[in-house]
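Below is one structure, written out as structure tokens; comments come after it.
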Amino acid sequence: MTSTPLNAALAAETKANPPKPVEVVRLEYAPLKYVVSKVSLDFKLYTGRTLVESVLTVTDYDLQKGESDVGGEDGLVLDGEEATVKLLELSVDGCEGALVADVDYILKPGKLIIKGDTLRRGASSNETVMVVRTTVEIVPEDNTQLSGLYKSGDMYCTQCEAEGFRRITYYPDRPDVMATFEQVRVEANAKDFPVLLSNGNLVKEGTCEGGTNGDTRKFAVWSDPFPKPSYLFALVAGDLGCLEDSFTTMSGRNVALRFYSEHKNVSKLSYAVESLKRAMKWDEDTFGLEYDLDLFNVVAVESFNMGAMENKSLNVFNTSCVLADPKTSSDANYFRVEGIIGHEYFHNWTGNRVTCRDWFQLTLKEGLTVFRDQQFSGQINNCAAVTRISNVLTVRGMQFKEDAGPMSHPIRPDAYIAMDNFYTATVYRKGAEVIRMYDTILGTGGFRKGMDLYFKRHDGSAVTCDDFLAAMADANDTDLSQFSRWYSTSGTPTVTYVSSFDEEKGLFVIGLSQTSRSDEPLFIPVALGLLDKETGEE
């Protein structure tokens, strides 16, 4: 292992001369020439220093997808922040000797590119398999951005959405690269970190040597059989209490449910557990979507910097979103816990099994999942009307203001400099209203047919809003091309009506007109009902 990081000079250069922000444009999307299909990671957590070893199995995109040459960089493009990730070792299986900078690989600000010739040379000596290995050092204790792996209080935690994984190791940190994380090994001091969690199912755990002062260390090995993008990776290490339960799926499979939190908070987890079980049952009954692993972990800790995160099989929450106590919690608190638990669980299919091709498609997973959690909350508590009123008040109070101001943008933006700026009420709440219009136009049965086709076509893939619209249209043999304008139109449209009633003919006539920022009319479904003034009946 080199004493001087391979990217040390680059880190010093970018610190002295930070690169200028670069605008990312939706229409300039292009797939990578090489992608990662399998991943193995090994984390060794020490105080003030964490080592991350990665083994990446690389696949030619053309061969994986069965498509013609996609062009682009002839090499494996890995993202990594040299300011936080020290590259200690780099090798390609089958290539003898140390790789040579600028010959075998190139380091650029935020990038490590393994040249295509290097990959192919290694594959020729390694039974045609391309394997890249790296060892990096990071310092979670110094990670004040709380993006990637960081230490807060007495525990380690990750937040990788949208682009935090590049602060952990070098990797193609974009949502269209879906890889199977075959093995994630986490090792830490056994006394301070008895709980070691990651995605998937627990393969094995035990103790090992390697402590700096002869301390006993603990390890846990996790495996996730479902391909996922790097933003869904999660790791938690700490001293946490646990509340356990189980759920039997519609196919009869028993799923272990484990909720972790600070020991003092475990007694306040019961309602969240019951909420999860209701959400799992509702998704089966409503959409036929069954949980797909043997274990579902939830971590709720005071030190988590986000509200909630849907990492595959390891949802992480701030305690404010999960804890409920009859002595101190109001009905609104209970309702909020149930909704948030449901939202993150529903992402298992709408966001995890089928994810976004790029971050411009964020509303594809968030708008759809907000709609799903709204339906769940209204139906499970038999208060659909009250829930709908609450949702509308939120849209009118938050999203309308956003759409009327300088930050107005479509639910699918066309460009960004920092993706974190687009986690907005527009993408989430207005996006959910667009999904609701599908349901209104097609009906509940038609919407379900569209969802079924969407999962049949795209399970295990990274797709676009256009793919979702196509599934809805094809499943119902309906032309929704006009409806697609909602994805590119900002602002709040206004619908104006005039009406008249002919008493002799008993004919009520209503005329509708609209104004919006779209150059062409938007498809706006309108539901009408006429009430008798005297009886109040329809």
Side-chain angles (χ1 to χ4, degrees), residues 240-247 257-287 291 296-310 315-348 350 366-402 423-425 428-433 435-436 439 444:
L240 303 171
C242 181
L243 179 62
E244 296 192 45
D245 207 319
S246 64
F247 177 81
L257 309 178
R258 295 174 185 166
F259 278 64
Y260 295 87
S261 189
E262 291 88 355
H263 292 280
K264 64 180 180 179
N265 292 326
V266 172
S267 63
K268 302 175 184 179
L269 292 171
S270 297
Y271 188 74
V273 175
E274 293 305 313
S275 296
L276 174 61
K277 293 163 71 174
R278 286 192 290 273
M280 297 174 81
K281 181 67 167 60
W282 182 87
D283 218 15
E284 291 181 344
D285 294 343
T286 307
F287 291 106
Y291 185 64
F296 190 90
N297 286 322
V298 173
V299 173
V301 289
E302 296 172 356
S303 58
F304 184 58
N305 64 309
M306 301 286 283
M309 181 60 206
E310 71 266 19
N315 290 182
V316 183
F317 300 80
N318 184 274
T319 49
S320 64
C321 301
V322 173
L323 303 185
D325 185 346
K327 296 179 181 179
T328 58
S329 301
S330 65
D331 289 349
N333 294 141
Y334 279 93
F335 196 76
R336 179 172 181 263
V337 167
E338 184 176 63
I340 294 175
I341 288 287
H343 179 95
E344 303 307 330
Y345 172 74
F346 298 144
H347 267 309
N348 186 58
T350 51
E366 294 300 347
L368 177 55
T369 305
V370 168
F371 170 74
R372 276 157 44 77
D373 83 55
Q374 291 174 349
Q375 295 294 89
F376 163 69
S377 295
Q379 293 173 14
I380 205 72
N381 294 297
N382 296 314
C383 61
V386 174
T387 301
R388 183 63 185 141
I389 291 170
S390 175
N391 298 152
V392 170
L393 289 174
T394 300
V395 171
R396 292 173 65 94
M398 294 174 57
Q399 198 282 319
F400 278 22
K401 292 180 180 179
E402 187 171 272
Y423 285 78
T424 63
Y428 280 67
R429 295 290 180 165
K430 186 177 179 179
E433 296 303 311
I435 297 296
R436 186 175 296 276
D439 186 74
T444 300

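Source: prediction; values computed, not measured.
Ala324 and Ser329 make their closest contact through CA-OG, 3.5 Å (heavy atoms, listed as atom of the first residue, atom of the second, distance). Between Gly307 and Cys321 the shortest heavy-atom distance is O-SG, 3.3 Å. The nearest pair of heavy atoms linking Gln399 to Ala425 is CG-O, 3.7 Å. In terms of heavy-atom proximity, Ser261 sits nearest to Thr319 at OG-CG2, 4.1 Å. Here the closest heavy-atom approach between residue Ala308 and residue Ile340 is recorded as CB-CG2, 4.0 Å. Of all heavy-atom pairs spanning Val337 and Leu323, the tightest one is CG2-O, 3.9 Å.
Side-chain contact between Leu269 and Tyr260 is absent, with no heavy atoms from C-beta onward closer than 4.5 Å. The shortest side-chain heavy-atom distance between Tyr334 and Pro326 falls under the 4.5 Å cut-off. Side-chain contact check for Leu276 versus Phe259: some heavy-atom pair is nearer than 4.5 Å. Here the side chains of Val395 and Glu433 are in contact, with some heavy-atom distance below 4.5 Å. His347 places a side-chain heavy atom less than 4.5 Å from the side chain of Glu366.
Looking only at distances, a side-chain donor or acceptor of Thr369 sits under 3.5 Å from a matching main-chain atom of Thr350. Glu344 places a side-chain N or O within donor-acceptor distance of the main-chain N or O of Glu310, the cut-off being under 3.5 Å. For the pair Asn381 (side chain) and Cys383 (backbone), a donor-acceptor distance under 3.5 Å is absent. Side-chain atoms of Ser390 never come within 3.5 Å of backbone atoms of Val386 as a donor-acceptor pair (strictly under, hydrogens ignored).
To the nearest 0.5 Å, atoms CG (Asn333) and OG (Ser320) are separated by 10.0 Å. Taken from CZ in Phe247 to CE in Met280, the straight-line distance is 5.0 Å, to the nearest 0.5 Å. Between Ile341 atom CD1 and Asn315 atom CG the span is 7.5 Å, to the nearest 0.5 Å. Atom CE of Met309 sits about 15.0 Å away from atom CG of Asn318, to the nearest 0.5 Å. Asp373 contributes atom CG, which lies 13.0 Å from atom CD1 of Ile380 (distance to the nearest 0.5 angstrom). To the nearest 0.5 Å, atoms CZ (Phe335) and OG (Ser330) are separated by 12.0 Å.
Relative ring orientation between Phe346 and Trp282 is described as tilted, the plane-to-plane angle lying within the 30° to 60° band.
Note that Arg278 lies in the cation-pi zone of Tyr271, set by a 6.0 Å cut-off to the ring centre and a 45° limit from the axis. Phe287 carries Arg372 over the face of its six-membered ring, with the cationic atom under 6.0 Å from the centre and within 45° of the normal.
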Original post:
Taking it one step at a time, do Lys277 and Leu257 satisfy side-chain contact (heavy atoms from CB on, under 4.5 Å)?
Top reply: CA-CA 9 Å; Lys277 293 163 71 174; Leu257 309 178; 3.6 Å; yes

Subject >> Arg436 and Gln375: CA distance, side-chain angles, deciding distance, side chain to side chain donor-acceptor pair (under 3.5 Å) verdict >> reply: CA-CA 10 Å; Arg436 186 175 296 276; Gln375 295 294 89; 3.2 Å; yes

**OP:** Go through the steps for Val392 and Ile389 under the test side-chain contact (heavy atoms from CB on, under 4.5 Å), then give the verdict.
**Re:** CA-CA 5 Å; Val392 170; Ile389 291 170; 5.9 Å; no

**OP:** Under the side-chain contact (heavy atoms from CB on, under 4.5 Å) rule, what do Leu243 and Ser270 come out as? Steps first, then yes or no, please.
**Re:** CA-CA 8 Å; Leu243 179 62; Ser270 297; 3.9 Å; yes

**OP:** Please step through side-chain contact (heavy atoms from CB on, under 4.5 Å) for the pair His343 and Glu338, ending with a clear verdict.
**Re:** CA-CA 9 Å; His343 179 95; Glu338 184 176 63; over 6 Å; no

Show me the donor-acceptor pairs within less than 3.5 Å that the side chains of residues 297-306 make with the rest of the protein, sequence neighbours left out.
unit_1	atom_1	unit_2	atom_2	d
Glu302	OE2	Lys264	NZ	3.3
Glu302	OE2	Asn265	ND2	3.4
Asn305	OD1	Tyr150	OH	2.8
Asn305	ND2	Leu146	O	3.2

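No more than 12 heavy atoms of other residues, nucleotides or ligands shown are found within 6.0 angstrom of NZ on Lys281.
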